[in-house]
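What follows is a single structure, written as structure tokens, with notes after it.
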Amino acid sequence: MTRRLAKGAALIGLFLAASSGALAQAAKPAPTETALALKLRPGLDPRGADFYPSTYKPIASRPVAIVNANILTGTGAEIRGGTIVLSGGKIAAVGQGVTPPAGAQIVDAAGRWVTPGVIDAHSHLGAFSSPGVDGTRDGNENVDPVTPQVWVEHSVWPQDPGFDRARAGGVTSLMILPGSANLFGGRSVALKNVPATTVQAMKFPGAPYGLKMACGENPKERYGSRGRSPATRMGNLAVTRRTWIEAGDYARRWEAFGRRGTGDAPKRDVGLDTLSGVLNGDISVQNHCYRADEMGVVLDLAKEFGYRVTAFHHAVEAYKIADLLKANNVCAAVWANRLVGKMEGNDAIEENAGILQQAGVCVAIHSDSATVIQRLNIESSIALAAARRAGIQISDAEAVKWFTANPAKIMGVLDQTGTLEVGKMGDVVLWSHNPFDIYAVAKKVYIDGAQVYDDDDPAQQHRSDFELIQPKEVN
Amino acid sequence: MRLLALCAAGACLLASSALAQPVAITNARLITVGPKGVVEDGVLVFEDGVIKAVGDARTPIPADARRIDVKGSVVTPGIISADGSLGLSEVGSVDGAADNRTRTPGLGAAFDIQYALNPESLLIPLARSGGVTRAVVSGHAGGPGLDGRPQLFSGQAALISLDPATRLDVRPKVAMSLDIGEAGAAASGGSRAAELIALRAAFEDVRLFQKNRAAYERGELRSLALSQADLEALIPVLDGRQRLVIGVSRASDIEQALRLAAEYRLKIVLSGAEEGWQVARQIAAAKVPVIVDPLANLPGSFEQLGATLYNAARLQAAGVEVVVGGGGSAGGVRDLRYNAGIAVARGLSYDKAIEGLTLATARTFGVADKLGSLEPGKIADIVVWSGDPFQPASAATAVFIAGREQSQQSRVRALRDRYLKPQP
């Protein structure tokens with residue numbers, strides 16, 4: 001992750017790798033980056049560019065101190081009777097015996113619970129929006145098994161009411177993924193869950209991109225039923241390998257061009273940009289995969305082409321290969337217990353997350369659903385309870401990472417959010433109960449220090465344009 | 001095994017266990033959902049599959065009873081799932097293992113899933129682990145209608161026990177299913193109006209058929225919209241003997257459903273009713289129960305724009321009988337108890353939430369004389385919980401169905417045990 005870029009640009013790493021190489025130095029003096037860029041018309045040079053950049057601006061806020069709170073920090077700590085101070089959009093202080101700064105709004109938690117903002121590393125909000133009609137079905141470019149050229153942010157509808165529902169469930173950040181119909185589904189986008197009119201205004205500043213990949217039943221059945229490859233799991237792998245070879249070749253041609261500094265530039269290919277971003281370590285791989293054996297194959301596939309899988313998503317059989325995932329430093333984003341009605345989901349057990357946690361694997365509880373995303377705390381609670389019944393001891397303070405720090409890690413934003421540490425974004429939820437309690441609801445939700453939801457105040461419950469005059473009563 | 005043979009013949013209705021020794025559960029927090037309310041330090045006695053006594057610590061216990069001291073645990077009636085396809089579908093994507101749907105042309109109302117139920121379904125022990133002891137299960141007949149006419153009815157539901165030893169104690173034909181609204185319109189050429197007209201025409205055809213069987217057999221009746229099997233199947237609905245569960249979402253569609261029911265004197269149940277709160281008073285006045293999914297709060301379609309987490313609480317406040325549903329898929333039945341807890345978090349009273357999982361469901365499907373509460377004379381469907389049944393942290397520590405203690409083994413449990421590492 002050290003090569004992750006601060007500005008979210010995809011291919012700087014490619015350029016740097018080439019220009020800092022020994023070959024480049026041995027040849028005549030390399031042209032400057034600017035000089036190279038000038039040779040190509042706009043949009044033809046992917047290197048170093050930040051296309052469709054984030055315009056996200058934190059909502060203005062005054063300092064707030066939540067006092068008398070039981071705080072699960074997301075770092076593994078539980079603070080009883082603590083205070084958390086948000087100031088300038090950041091976490092300014094957290095702990096016992098913290099004195100609220102003068103002028104801060106004081107919120108008395110009265111012994112209720114505070115956690116980092118909920119984070120979902122697997123959402124399709126805005127891409128499969130509500131209402132779920134043909135006109136909003138924008139999540140699967142399912143006409144070809146290989147579509148790395150699509151960027152899901154170009155589908156995201158910021159007015160999806162699902163964003164508002166998720167915010168009411170405490171969700172402050174989320175990763176939107178394309179669907180899993182394709183082997184290469186396209187580029188993901190990390191969002192801050194704020195009301196907005198453009199997707200750029202939601203884009204998580206500095207978050208790296210991800211690539212959605214899929215194995216298993218979805219691609220092979222989608223395309224096999226149309227009489228084309230892949231029709232089998234071995235077909236899945238064959239098409240995937242062929243594509244990585246294309247990507248490696250494309251990356252090599254840009255590297256060579258970078259070294260030459262002159263001559264004709266390779267023709268830009270948006271899909272291969274994304275794939276070479278993966279090969280260069282700038283774009284994470286988010287791999288939909290259910291079965292243990294398939295995850296095992298994918299890990300070798302990644303070795304074959306020299307990239308890393310950041311997380312397996314759904315991963316219902318991850319518990320069978322917990323040690324393998326640990327050894328490869330791969331996270332698992334899972335449900336608590338969902339039987340998805342597919343063969344590859346048939347071995348789902350509630351102890352999946354617990355067994356992974358016990359083995360030291362980074363576990364996230366994800367939603368993949370506009371309903372589940374509203375209660376990732378409860379989803380986690382179901383998994384936590386099953387783990388404890390099986391004799392696996394996991395504290396609330398550890399389990400809260402499942403819907404905070406660990407999804408932040410999967411999204412590559414843990415340095416900015418996901419835990420309650422001084423200097424991080426002021427993304428915070430005040431709950432009515434312990435978050436693992438079935439009756440827990442998010443009472444107040446803060447994003448970058450600004451309150452964006454209040455369960456007791458309809459004026460503080462944003463409604464998307466779509467729902468402006470829906471026949472809803474006040475609470 | 002006399003009992004088994006009887007049930008297999010389809011003659012066994014809510015059969016009781018053959019276990020003869022009385023059982024006394026003592027030191028229980030009994031949530032009876034009956035006249036006694038909640039009894040602290042309570043005693044529950046059952047024998048031969050039937051509850052004999054419910055009361056406080058002074059309740060007499062037969063001398064030969066097996067005593068089970070539950071040490072203060074919560075004891076409730078078994079949960080009755082009101083919807084889903086338990087026992088009909090193992091893996092939804094595997095056609096050969098999913099009997100809850102058919103596309104047989106011309107088969108609608110007569111589609112009866114009782115013949116497809118599988119007592120050995122691996123999902124049944126899973127549902128039991130969530131404290132579910134009975135389930136109303138249904139399928140969906142979605143094939144084309146006769147002669148290009150709409151296919152309106154989805155078929156008939158059965159009430160099953162989750163005890164495989166009684167071959168699920170199947171009570172067939174507890175309800176007929178029908179969708180009104182977008183789904184119904186889709187089956188009727190695209191318009192709600194077309195469906196409502198087609199429905200009335202179908203009912204008139206059933207009446208005509210019922211009164212003129214001989215002419216029908218001679219082929220002297222005008223052409224009818226439904227097959228003979230479907231016509232036969234709808235007679236109990238029109239006679240008000242069989243409930244009609246209407247899947248419906250939009251407030252105006254609910255009003256149409258209520259109007260239809262009044263017009264034909266149907267005994268109806270609403271299922272879904274996401275916008276039900278908007279017409280709650282009319283629903284209450286018609287004394288129509290509603291199966292609510294407490295999680296359904298998204299405007300997933302143009303007929304659910306008013307969906308809200310407060311639907312259950314608002315319906316209940318207006319006096320509507322609320323059944324907590326939403327178990328949906330066969331695998332999801334296990335989590336039904338959480339739906340009740342989530343409804344409580346959004347305003348439904350705790351008592352009504354428990355009732356919505358048990359007695360309200362029993363009343364809705366006409367079996368409240370036998371099921372749904374802890375009362376003498378009722379069938380001993382009993383769940384012992386380690387804590388509040390709605391909390392994930394609580395577990396069903398013992399489940400009795402008609403007095404028979406159920407195994408806690410399941411395929412998912414076996415998988416867990418295979419891969420669980422010993423604790424350090």
Side-chain angles (χ1 to χ4, degrees), chain A residues 130-133 161-162 165 168 217 221 317 319-320 322 336-352 354-355 358-359 370-372 374-375 378-386 388-393 432-433 436-441 466-467 470-473 475, chain B residues 89-94 97-98 122-123 126 129 251 275 277-278 293 295-310 314 329-332 334-335 337-338 340-342 344-347 386 388 390-395 411-413 415-424:
Chain A
S130 298
V133 296
R165 301 291 193 283
E217 292 183 25
E221 295 194 352
E317 291 189 8
Y319 64 94
K320 299 181 182 179
N337 65 2
R338 192 169 350 170
L339 287 158
V340 292
K342 292 193 286 186
M343 269 314 291
E344 61 192 6
N346 203 37
D347 286 4
I349 67 171
E350 287 188 326
E351 296 81 4
N352 193 18
I355 290 174
Q358 184 187 21
T371 297
V372 177
Q374 301 176 42
R375 277 170 292 276
I378 301 300
E379 187 79 3
S380 299
S381 179
I382 293 169
L384 177 62
R388 287 175 176 167
R389 282 197 285 274
I392 303 170
Q393 297 307 316
S432 63
H433 296 70
F436 299 104
D437 189 298
I438 192 75
Y439 308 115
V441 298
F466 181 75
E467 292 199 290
Q470 303 305 341
K472 286 232 171 61
E473 285 180 359
N475 278 354
Chain B
S89 172
E90 289 299 288
V91 181
S93 74
V94 178
L122 293 169
L123 299 176
L126 203 64
S129 74
E275 294 189 348
W277 61 272
Q278 294 175 22
D293 176 356
L295 277 56
N297 71 332
L298 286 156
S301 66
F302 277 86
E303 60 184 3
Q304 299 171 19
L305 298 182
T308 165
L309 295 173
Y310 294 92
R314 289 177 187 166
S329 67
R334 163 180 54 176
D335 294 341
R337 61 192 180 112
Y338 305 138
I342 288 160
V344 170
R346 293 299 179 184
S386 64
D388 178 352
F390 299 162
Q391 293 283 9
S394 306
R411 183 167 174 277
V412 294
R413 177 69 65 91
L415 273 168
R416 178 195 85 172
D417 292 343
R418 168 171 284 183
Y419 287 96
L420 195 61
K421 293 228 165 82
Q423 296 306 297

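So that the names make sense, note that chain A is the first sequence line, chain B the second, and so on, each numbered from 1.
Residue contact with chain B, scored on non-hydrogen atoms closer than 4.5 Å, involves the backbone of A/Ala348 exclusively. In this structure, chain B has heavy atoms under 4.5 Å from both the backbone and the side chain of A/Ile382. Using a 4.5 Å cut-off between heavy atoms, A/Glu221 does not touch chain B at all. Only the side chain of B/Arg411 comes within less than 4.5 Å of a heavy atom of chain A; its backbone N, CA, C and O stay farther away. At a 4.5 Å heavy-atom cutoff, the contact between B/Leu309 and chain A is made by side-chain atoms alone. A/Arg375 touches chain B through its side chain: at least one heavy atom from C-beta onward sits under 4.5 Å away, while N, CA, C and O do not. Contact annotation for B/Ser394: only backbone heavy atoms (N, CA, C, O) come within less than 4.5 Å of a heavy atom of chain A. For B/Asp388, the part sitting under 4.5 Å from any heavy atom of chain A is the side chain, from C-beta outward, and nothing else. For chain A, no part of B/Arg418 is nearby; none of its heavy atoms comes within less than 4.5 Å.
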Legend entry - Worked check of side-chain contact (heavy atoms from CB on, under 4.5 Å) between A/Phe436 and B/Gln391: CA-CA 9 Å; A/Phe436 299 104; B/Gln391 293 283 9; over 6 Å; no
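Side-chain N/O atoms of A/Asp347 and B/Tyr419 include no donor and acceptor closer than 3.5 Å.
From A/Lys320, atom NZ reaches atom CD1 of A/Ile349 across 8.5 Å, with rounding to the nearest 0.5 Å.
Options A/Ala336, A/Ser130, A/Ala385 differ in how many heavy-atom pairs under 4.5 Å they form with chain B, and the most are formed by A/Ser130.
In this structure, B/Val412 and A/Glu350 have side chains that are not in contact, with every pair of non-hydrogen atoms separated by 4.5 Å or more. B/Leu305 places a side-chain heavy atom less than 4.5 Å from the side chain of B/Glu275. B/Pro392 is listed as a side-chain neighbour of A/Ile438, based on a closest heavy-atom distance under 4.5 Å.
Taking the salt bridge (charged side-chain N to carboxylate O under 4.0 Å, His left out) definition, one finds that B/Arg416 meets it with A/Glu351, sequence neighbours left out.
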